[in-house]
Every structure is written in C-alpha cells, then in structure tokens.
Protein chains: 2
Amino acid sequence: MNVRLIDQFWQPKVRRTVQETIPYQWKALNDEIEGAEPSHAVENFRISAGEQTGTFYGMVFQDSDVAKWVEAAAHSLRHDPNPRLEAVVDAVVDLMGRAQKPDGYLNTYYSVAAPDRRWKDFSFGHELYCAGHLIEAAVAYYESTGKRKFLDVMCRYADYIDRIMGPQSGQIQAYCGHEEIELALVKLHRATKEQRYLDLSRHFIEERGKQPSFLKEDAGFGGPSKDRWFDLDYHQAHAPVREQETAEGHSVRAMYLYAAMADLALAYADETLTEALRKLWDHVTTKRMYITGGIGSQGHAERFTVDYDLPNDTAYTETCASIGLVMWASRMLRLEQDGRYGDVMERVLYNGVLSGISLDGTRYFYVNPLEVHPAVAHYRYDMQHVKTERVPWFGCACCPPNIARLLTSLDTYFFTQNGTEIAMHLYASNESAFHVQGRELNLRTETRYPWNGEIRIRLRTADPIDCALSFRIPSWCRNPSMTVNGEALPLEAIVRNGYARISRKWSDGDDIKLDLPMVVERIESNPKVHENAGKIALQYGPLVYCLEEEDNGPELTDIRLPADSELSAAYREDVLGGIVVLSGEGLRSEPDWEGELYRPVMRKRTSVPISAVPYAYWGNRTPGEMAVWIREKE
Amino acid sequence: MNVRLIDQFWQPKVRRTVQETIPYQWKALNDEIEGAEPSHAVENFRISAGEQTGTFYGMVFQDSDVAKWVEAAAHSLRHDPNPRLEAVVDAVVDLMGRAQKPDGYLNTYYSVAAPDRRWKDFSFGHELYCAGHLIEAAVAYYESTGKRKFLDVMCRYADYIDRIMGPQSGQIQAYCGHEEIELALVKLHRATKEQRYLDLSRHFIEERGKQPSFLKEDAGFGGPSKDRWFDLDYHQAHAPVREQETAEGHSVRAMYLYAAMADLALAYADETLTEALRKLWDHVTTKRMYITGGIGSQGHAERFTVDYDLPNDTAYTETCASIGLVMWASRMLRLEQDGRYGDVMERVLYNGVLSGISLDGTRYFYVNPLEVHPAVAHYRYDMQHVKTERVPWFGCACCPPNIARLLTSLDTYFFTQNGTEIAMHLYASNESAFHVQGRELNLRTETRYPWNGEIRIRLRTADPIDCALSFRIPSWCRNPSMTVNGEALPLEAIVRNGYARISRKWSDGDDIKLDLPMVVERIESNPKVHENAGKIALQYGPLVYCLEEEDNGPELTDIRLPADSELSAAYREDVLGGIVVLSGEGLRSEPDWEGELYRPVMRKRTSVPISAVPYAYWGNRTPGEMAVWIREKE
C-alpha cells in the first residue's frame, strides 16, 4: 500500500513539518533556538560516546526526543527524499552507534549520569521506554531508506534486553513503568521477522499488573510510589491487562499500552486481548474523553481522574495522549473495522492533536485546555501547566517530535487493507496504490475535506478487480449519500458498523462519489459532565470549533447563544490561512455593572455577532481568551 | 454597653458553643477526642514549663489554638458564668505563667523545639502572632472575670517585646509575617491604658512593607520566600500599608492587618489610614469576595488570586478569613457608620462564617467551597483542601477555636455607640443597656430574624433621653418601612449611608417597628466572574441558599431554574432544626442518555421540584453534592 497526500488541508501541514518543523526541531535538540528551553539531547549522545566532555542534562528520557525526531525525519524521507536531511540522520545514527555499549545497551542518562542505576528503576526510569522509541526510529529509517545500520544497532540492543529480561530464571522479570517498548518490539518483529521480539513484547504485556507487584514491593527494580496519584494504576500495573476494564493512570502510558495490546491481539489472534480492548475503548471514549478527543484531565501525574470529570480550564489533555489515541484507534481498525474507532481517530486527529502545533509548525502546546482565561491561568497555582500561548520548546519535550512523527507518517493512517477489502478511514485528496490478488489498484481521491464533505474517488486498474471498498460514514454526518458511476447506493443496506461496503468487480475509470454534507451542529454533553452543563459546542464536519477573544472580545463566558439562532458556515480565505468560519448572533450582558460584584437579576442582554474558528487553529493570532463550550440560552 | 442575646437564631448557637463546643475543644486540645487529628497544644505548655517530658508537637503556632480557646471561654464567662469552666481556665493560665521564661518570653515551640531560632523567622515563625492571640485571650479573661493574673503575664511578655523591638538602635526592626500582634496590642492598651502598647502596634504597622524588605533580604530575621505565592505580598509586605490599594496575599493575614489599621486609624484619628482602608474595602468586596462573604480563593498559600477569579469548587474561603472580615467590618463601623460595612458583616457572618461549624457545634469546615461534587473532590489533586464533610479537628486547627471565640463574643458586634448616637448593625432579639449622658437607656429588641424581617424595639428609660438611634437598612431589602409609636417614618429622608437615623427625645415605652420584608431574591454575578456566568444564587434576607443532594438528588449542575418560575419561602420546623426552605420547580435533562458522552442537542428537559436550604446549614445531613450557584434558563 502506498498513499500520497495531495490535499489542501493535510498536505501543506505535512510539507510544513518537513520543511519547517524537522529542521527547527533539529536546532532545538542542538540548543540552537534562542529563547527556547534547553534540550542537550544530541550532546548527551556525544558525551555518552566519549566524544565530548560534560555532564548529562535533561529528563531521564531525553534520548527519546532524538529518537522521535529521527523517526519523524525517517518517515518524511519516504515521501520527500532529501539527501541533506538523510545525511544529518546518518550522522546522528552513527553517533548513536558509537554511544552504544559493547553489551548493546544504549541510554545516555544511565551511561553518563547514573551507571550504577541501570535497570534499577522500572517505575520512573524510562529505560525500556527510550529503547522503544529508538527501535521505532530505527524501523522507520530502515523502511524509508533501506539502510540497516540503525536497525542493526537496535537489534543488538533488543537482543541484549531479550537476554537479560524474560520468564527464565536468572532473567529480570520486570516491565517498564512507561509502556512503549511493547509496540516497538512488534514493529521490530515486522521489520526483521524475528519471532523473539514479538514474544518479548507479549512477555512484557503478560507480566504487567501481576500481584504482588515488583513496582511497589521490590526496591531492587521498583519501589514505592511517591503519592497516590503515582500508584500502580498510574503505570496501568494495578491488575493484569485483561482485567483492566477502566482506563486509569498516566494517559500517554495507557494509550501506548493499549496500542501494543492491539498489535499483539492481531499478531497472536488473541480474542481475549481484543475483548479487553473493546471495554477499555468504550470506557475511555464514553466516560473520559473531551470533545476534542483529548484525554487525561489532570495535570498532576498527567492522568485520568474519575468518570465524567472533564474540567475545561484546568484540562491537561496532553498532545502526546491525543497522538497515542490515534495510534490505538488505527490499530483497533486493523483488528476490526468499526466506525467507532475511525470516528474517534478522526475527532482526535483534527482537534486534540492538531491543536498541539502552530500554523507555522514551530510553536507547541503540551497541554491543550478547552477554555483559557490568560489572566487567571497566568496566576493560578492549579493552572501552572496551562500555557496560554504555544511555546518554542519544552524542558520535557515529548510532544513536539511526537506530533512531527505523526504528521510525517500520516499517510499510513488513511487506509487499511485486509485481503481483498480496502477500507478508507480518513478523507483527504490523495493518490493511493494497492495490491489486490496480485493486481495493482489505484485510487485517486479528491475532496476539500474538512471544509466540504464532497469526496470523489476514481479508480485506475489495468484489469477489473473483484474486491470490496469500504468507506467510513462519519457519525457526525446526518445525510450521507453515495453513488458509483452516477448510480445512487442504498446506504442503509450497505452500511455496517459505520462503513459503507461496496463489494464488486471494479473497473478502470469507476467513479465513486461520497457526499457527507457538513452543517453546523450544536453538541450537548452528557449531564454528568458538570463543567459543560448548560453549554453547547459547535462542530462542523469533523472539526470542533471555539470562540477566541480575537474575534469576540474578552469575557467569552458571558456570551450566550440563543437556542433558535442561525449559525452559518463560510469558507474565508483571509482567516488563518483559509478556514470555514462559523458566524451567528449571540447575547452578552449589557455593560451596566457599576463596580458591583452581585445584584438582583436584571438579565439585561444585548445582541452581538459571534464568530467561531476550528479549535485546532486557536492561539495562532493575538493571545487571548478561548472557549470551546459556549453557554446556550434555551 | 451591655447586650444580652435572647433570640431563637443566634442564642442557641452561642449556648451550644458554650455547652458543647468549648468543652469539646478543650478535649481536642488535650487529645481526648477519638478519631480527631492530634493537637498536643496543652501538653506543649506542660513540657515548656518543665512539668512533662517529651517533645513539642504541632504547627509552630500551636500555642494560638489554646489562646483562642481561652479567649472563647473568657467571652462566655461574661454572659454565662460557669465556675467549673473558670477553674479550667485558671489552671491553664497558671500553666502558661509557669511556661513563661524569666525575660517574659512565652512560646512553647521556640522554647522547647527551637530555642536557637527565637526571633529568627519573622516570615513564617508566627512568634508575634502567637503572642497576639495570647494577649487577646488575657484581655478577654481580665474583662470577663476581673482577674489580672493572665493579663500580668502578657504585659510582661509585651513589655519584653517592646524592649527588644522598635525603632531605637539596638532594637530589632521587624514585624511579624502573620499580622495579629497589632490588633492585640490595641486591646492591651485599652485594657491597661498603657500608651507604649499602642505605639508599638503603630510601629509594627508603619514598618510593614518598607523596602528593601528584611523579610526578603535579611537572612537573620526573614529570608527569601519559597515560591512566588509566598512572596512579600503573601505577608502584605510588598508596599507600605498606605500604598496598598489591592488586597493581596494570605487572606487571614490581610484581614488581621486591616482590622489593626482600623483600630489605629481610630486611636490616632489617622485619616490617611482610613482612606487606605476604604480603598482596600472596596477592592475586597467588589472584586474578590464570594457571595457568601468568603474570601481567599486559592488553597495554595491560602490567598487572594486575581480580580473576579472566584471558582466555586476549588474555593478555599477559609473560615478564619471570614471571621477576619467580620472583625475588620466591625472596626470600620467604629470608624464610620456606613451600611457597606454592616451589609458585608451581616453577609459573611450569616453565611461564610456560620458554614464553618456544624449544627451540633462539634464538626468544622476549614475550607468553605460553594460547590461540591464528592466523587470529584475526593479524587482531584487540586481539590485536596476541600473536605466534603465537616471534620472533628484539624492538624492546623486555627478555625475551630476562632469560630468559638467569635460566637461567644457575638454580643459585641450588634451595636456601636458614639457619644449620643447608638447604631444597631445586626438584628436579633436582645436586651441591651447603654449609658447616654449619664443616664441608662434600655432597648428590648424582638424579631424572628433572619426568618422574618419584622423587628420591634421597645425603649425603657427612667427619664427621657435626647439621643440618636440608627438602624442599618440592609441593602438586600427593597421595601423597608419603619414606625415610631405607630407613626410611619419617611425613610427616604432619614436614611443616610445605609442607616436610618432617628434623633429625638426618647421616652420610656417608645416603640419602634422596623419592617424589612424578606422575599426570595435571585442574584446575578458580575459577568467578569467566569464561574458564575449563566447562573443565579438564591438569597432570602441575609441568607444565601444552596441546593443539596439530600433534597434534589445528584448531578445538581444539571438543574436549571426557569427565569419565570415561582419560588416560595416557608418556615419548616422539621428541617435542620427549623429553617426557611425555598421551593420551586426546576428543569432537568431527561434521563435518555445511553452511554454517550456527546450528541447533537436535543434539549430534552423534564420538570422537577427543587428545594434550597441556607448555605450555612449545608453538610449537616447525608453527605452529598452542594451548589450555591444554580443554572438559570432565561
């Protein structure tokens, strides 16, 4: 399968990532960005390789920043060959090789700063986590360039890990407090066909959550947690994975775990894992997910809290957690073609992920709140994690290279192919090629999605091909329709689990039209979400909208949208590089407050125009207030 | 002036304080309450006196818990003589005398646990703060019993402080990070007529906020603060007091400072202090006060944040801060008779103070939120300070004895007398006696306030007395009326600054009727208070109301009150010991959510009865949700 994005929405973002973000982040990793928080991540490898003097600087998982950057660059080389960039990657990969210890170990923090702590802190040490990101990078680089060097380095490391960890006596029986190695080993297995890597991944998953827990009891490998928010559930280690029915703890960790479980469910055809994942999916997406697809509402321990606790202004909703949800969703779609996975993947990609990066690709949000009052957020102790403007880099810089690797690999999320069934999950103009029963099938998709829901797909094939094409019918769409060669399809009859499946003999020139009419939708929230009571959110197609101070003035919470007011959608080339803007009339309090704080109700309102922009685009103009959930006057 | 409460609202609460709370707290201070957090406060004095072995336990200001308890007991002896209680107080006062050092110093923490740190930590050491509370207790005990022993102990301590601190060279030029000594020295001056005490109080106030600040710069006395929320403004030491135009920092500290400033403004007739206080009053009450009169919205550093930042569910609103606001308000009324002080004193007393103690007098809130969801509050890191039920005691136990001393001295807050003008600020049935130009004037007030606004005052006097009687006309009242001996008074003509002033020759048997009709008021909040947008609060007379889960079921945030719905008030003897309950019809979402988190608006509502109880009474039944601000359907 090969997919080339040619659309006006994602493709410029991918291009910007390649042209702006990747070079920018390389500078950041080398501390060449003025005013950005220091990284030192590349220098750590030089010191570890003995080519520089100095001390380690950064988080214990600083290596993973470089790994994710290499992975992002590697993906980009697949669709955008760039010899200069490839030379930079070659150099850093060579450096990593020189930093590798003779036994295969590769981690700059433990090699430079804490050699006696190697494999001593599985709770918070992040060694296997870093190894996982390096493996993902190595696999991506191998798949894009065919170069084996980095892959060989990481196979040596994986072999070493496989020697010292596992179920045999004399091996360390542990797993990493931060999941990541598990899904990376599956990728390494796919790239190398080495069964041991897959088995080691399964071993880590099966060990996880066994009680009594070494993470809590064994001072040699783990040790007691710092406070109750960092207890076993923080690591998804409170119960064996199949017995976990609710998503708990650190939200990024949870997503990486579930993604790996889905990989293993597929690899081993393990229905018990799939069943566990269905429950977890249901729990996350119907109890603990923001409308933007953001997850993990609490800053302290970056974690899930309790069902329906989704505060908007103190929301954590880390960009990495949104990315993790995309990763999990895409893997669930490989397990079973169900629109609930595709719908959420679209929701989080277009909203909670995309908000993490500025329009110019060089400014980032780690935390993605759904409501911001800058004066309050700048002051409040419980909002210290909230940034009211995207920033150039972070001391803990997991998110920027994570979004870069997602965007440069975005082409891999559009389709899945299962034998003679090809399913399209996301919509954007693209040219894609598939091999079906030895023949090549080409699809050319044209659309202005997400600004317009008309999608046209033309087939090219040398010979007619008997296969099924499935198209996700988004749950946000009330009146979808479809034609093949101008002939209407009875969608009620062919849509199953959110996908319209057309099984036929396809011929060259076949023409599919899928129309997903987009209208302004007002969305209400389950009444158990206290924070959203009395409020609605605006959606247009897959996009969640927000009000910004730039368009609506300050005190956004004062705006009320009458239930019967008209809202119109119009594409505006002049706004934020071209977006659909939603407009209507709202109500505000009359400015007749004379310094009082409280008074008997007067309910004096005045009509004001209001204007909403996609949540993903917020914070790209003058800094100010932002709000997704808008008070409604019923 | 002598006031005896005989009403059905306050008097039982005062009696309960005397009969239940004071004995209970004595047990708590002696660690005799099972399940309560340890105190050790009395034991610390025994250890300091050399009569017990052991080590100091508790906060550095643990002594002040005993001091406030003695003060509460002392006030109670004034109106409820009790030889057994007096004997207990005599014993603890004797113990304090034995714990006093030969130079006059008296502080168990520094004497027992940190003798070398005496007068070394003015920022957080609380030495002068503890001295202040001991002085207040000694004055109260002297005034109630005429016994000088404790007063003499504290004069020795004050004399010692006055010797070592002050403007002379060789003296320590410092002031306490936690204000309290300043207002205590004014009381000591009034009790002893010693001018030095008043001058020392003024010295502390004048030194405060001078820059450069010893609290920040001088490691010998102060030292740098821990974080930005504990910076100089935390101590109200960021500027000289007359230049402070906004209320900043720790809210209890701020209140105690402003109270002392008001005392000194009066004592020295210092209009510059009064002018500064007017600005601060305006700032606190129109920008940073909850509708309950609670202040200090942030738990971290127990402090004010920024204007209009008044979150309901994470509110700190410490009981002590509310008490401090009562203290400040009552002193402002001595400076100038203005209804804005009386109105706020009433608001905070009937709501934010009274919520701090249970109906039975033995359970306390330190933190007084305006909205509680137990499941969320029990989990969330940023709500750790919120207790969803009153508790028997606190490790930091400033609030329980503080509310006890307020309630046993409540009689002193009702009237002020300025020459031949007597002003009544609060309403409750009472018998009061005044000396006016050498004659005695007795007032007998009868009312069912706050359940009913009819107030009848009958005068007794041997001879006619020429004087002015002023009555506060609460700003919550829309249609006040008044008669003297059956003759209506033209209120528009005689009300000035919120007080109806009647100046005449009063005769025995004169009969004043003041009618303050109470109706259910819906109160709206300044639109700049984001948290209250779209919501109203219910008030009835001086009482702010709330919804409780007990009466309205869970998910209180789902309730909407139609703007045009009727609300009725009825006295219900069977509810919470007898209260006015507010009832009406509200709307709730229909329970047709099938596991979704978000959906296109359906706005399906169903009518439900709703019932509100006074905020001060919440949390006295089955634990559950509570909300003051209620969504309104306009």
Side-chain angles (χ1 to χ4, degrees), chain A residues 229 282 285-289 291 298-301 305-310 313-314 371 373 375-376 378-382 478 521-531 533-537 539 555-558 560 563 588-589 593 595-603 605 631-634, chain B residues 229 282 285-289 291 298-301 305-309 313-314 371 373 375-376 378-382 476 478 521-531 533-537 539 555-558 560 563 588-589 593 595-603 605 631-634:
Chain A
W229 289 279
D282 195 51
T285 58
T286 69
K287 304 270 197 305
R288 299 191 173 183
M289 184 182 75
I291 193 169
Q298 177 166 295
H300 186 72
T305 60
V306 294
D307 289 351
Y308 304 109
D309 178 39
L310 297 165
D313 55 356
T314 61
E371 183 170 322
H373 310 290
V376 172
H378 292 164
Y379 187 85
R380 286 255 296 264
Y381 182 75
D382 58 353
R478 291 171 184 248
E521 289 280 0
R522 296 173 189 230
I523 307 294
E524 65 182 7
S525 188
N526 191 305
K528 290 180 176 164
V529 184
H530 303 136
E531 304 273 345
K535 298 179 187 174
I536 55 103
Q539 256 187 236
E555 315 300 350
L556 294 178
T557 50
D558 184 42
R560 290 153 174 80
R588 270 184 176 276
S589 299
W593 285 80
E596 311 125 291
L597 201 42
Y598 309 106
R599 70 180 186 193
V601 275
M602 300 178 75
R603 301 189 195 95
R605 310 288 177 234
R631 203 162 306 289
E632 194 174 49
K633 182 177 184 302
E634 283 186 29
Chain B
W229 289 279
D282 195 51
T285 59
T286 69
K287 304 272 198 304
R288 298 191 173 184
M289 185 181 74
I291 192 170
Q298 177 165 295
H300 186 72
T305 60
V306 294
D307 290 350
Y308 303 109
D309 177 39
D313 56 355
T314 61
E371 183 170 324
H373 310 290
V376 173
H378 292 163
Y379 187 86
R380 285 255 296 263
Y381 182 76
D382 58 353
W476 54 256
R478 291 172 185 248
E521 289 280 1
R522 296 173 189 229
I523 307 295
E524 64 182 7
S525 189
N526 191 305
K528 289 180 176 164
V529 184
H530 302 137
E531 304 272 345
K535 298 179 186 174
I536 55 103
Q539 255 187 237
E555 314 300 350
L556 294 178
T557 48
D558 184 41
R560 290 153 175 80
R588 270 184 177 276
S589 300
W593 285 80
E596 310 124 292
L597 201 43
Y598 309 106
R599 70 180 186 192
V601 276
M602 300 177 74
R603 302 189 195 94
R605 312 287 177 236
R631 203 163 307 289
E632 194 175 50
K633 181 177 184 303
E634 283 186 30

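This is a predicted model, so every value here is computed, not measured. Throughout, a chain's letter reflects where its sequence line sits, starting with A, and its residues are numbered from 1.
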- Report the relative orientation of the aromatic rings in B:Trp229 and A:Tyr381; use parallel for angles under 30°, tilted for 30 to 60°, perpendicular for over 60°. perpendicular

- Carefully, step by step, assess A:Val376 and B:Thr305 under the rule side-chain contact (heavy atoms from CB on, under 4.5 Å). CA-CA 8 Å; A:Val376 172; B:Thr305 60; over 6 Å; no

- Answer with side chain, backbone, both or neither: which region of A:Val529 has an atom nearer than 4.5 Å to a non-hydrogen atom of chain B? side chain

- Task: Could you have a look at B:Gln539, B:Glu632, B:Lys535 and say which one has the most heavy-atom pairs with chain A under 4.5 angstrom?
- Result: B:Glu632

- Task: Kindly indicate whether the side chain of B:Lys528, heavy atoms from C-beta on, has any atom under 4.5 Å from the side chain of A:Trp593.
- Result: no

- Scanning both residues in full, the closest heavy-atom pair of B:His530 with A:Arg631 reads O-NH2, 4.4 Å

- Message: Just so I understand: if I count every heavy-atom pair under 4.5 Å between each of B:Met289, B:Met602, B:Arg522 and chain A, which residue has the most?
- Response: B:Arg522

- Query: Between CD1 of B:Ile536 and CZ of A:Arg603, what distance do you get to the nearest 0.5 Å?
  - Reply: 8.0 Å

- Note on the structure: Whatever's closer than 4.5 Å to a heavy atom in chain A on B:Ala563 counts as both

- Quick one: of A:Val601, A:Asp309, A:Thr557, who has the most non-hydrogen atom pairs under 4.5 Å with chain B? A:Val601

- Task: Against chain B, label A:Asp307 side chain, backbone, both or neither, depending on which of its atoms sit under 4.5 Å from a heavy atom there.
- Result: neither

- May I ask you to name which of A:Asp382, A:Leu556, A:Asp282 has the most heavy-atom pairs under 4.5 Å with chain B? A:Asp382

- Item | Closest approach of A:Arg478 to B:Pro600 (non-hydrogen atoms, all atoms of both residues) | NH2-CB, 3.0 Å

- Task: Could you pull out the closest heavy-atom pair between A:Tyr598 and B:Ile291, with the gap in Å?
- Result: OH-N, 3.1 Å

- Message: Taking side chain as everything from C-beta outward and backbone as N, CA, C, O, which of these in A:Leu310 sits under 4.5 Å from a heavy atom of chain B? Side chain, backbone, both or neither.
- Response: side chain

- Message: Looking at chain B, which one of A:Arg560, A:Glu596, A:Glu371 has the largest number of heavy-atom pairs inside 4.5 Å, strictly under?
- Response: A:Arg560

- Where does A:Arg288 contact chain B at under 4.5 Å (heavy atoms): side chain, backbone, both or neither? backbone

- Which region of A:Ala537, side chain (C-beta onward) or backbone (N, CA, C, O), has a non-hydrogen atom less than 4.5 Å from a non-hydrogen atom of chain B, or is it both or neither? neither

- Item | A:His373 side, atom NE2; B:Glu531 side, atom CD - distance, nearest 0.5 Å | 7.5 Å

- Query: Does some side-chain heavy atom of B:Thr314 sit less than 4.5 Å from a side-chain heavy atom of A:Arg380?
  - Reply: yes

- Item | chain B contact via A:Ser589 - side chain, backbone, both or neither, heavy atoms under 4.5 Å | side chain

- Interatomic spacing from NZ in A:Lys633 to NZ in B:Lys633 - rounded to 0.5 Å: 7.5 Å

- Query: What part of A:Arg599 is in contact with chain B, defined as an atom under 4.5 angstrom from a non-hydrogen atom: side chain, backbone, both or neither?
  - Reply: both

- Query: Where on A:Glu521 is there a heavy atom nearer than 4.5 Å to chain B: the side chain, the backbone, both, or neither?
  - Reply: side chain

- Do B:Thr285 and A:Leu597 come within less than 4.5 Å of each other through their side chains, counting heavy atoms only? no

- Message: Between B:Asp313, B:Asp558, B:Ile523, who has the most heavy-atom pairs with chain A when the cutoff is under 4.5 Å?
- Response: B:Ile523

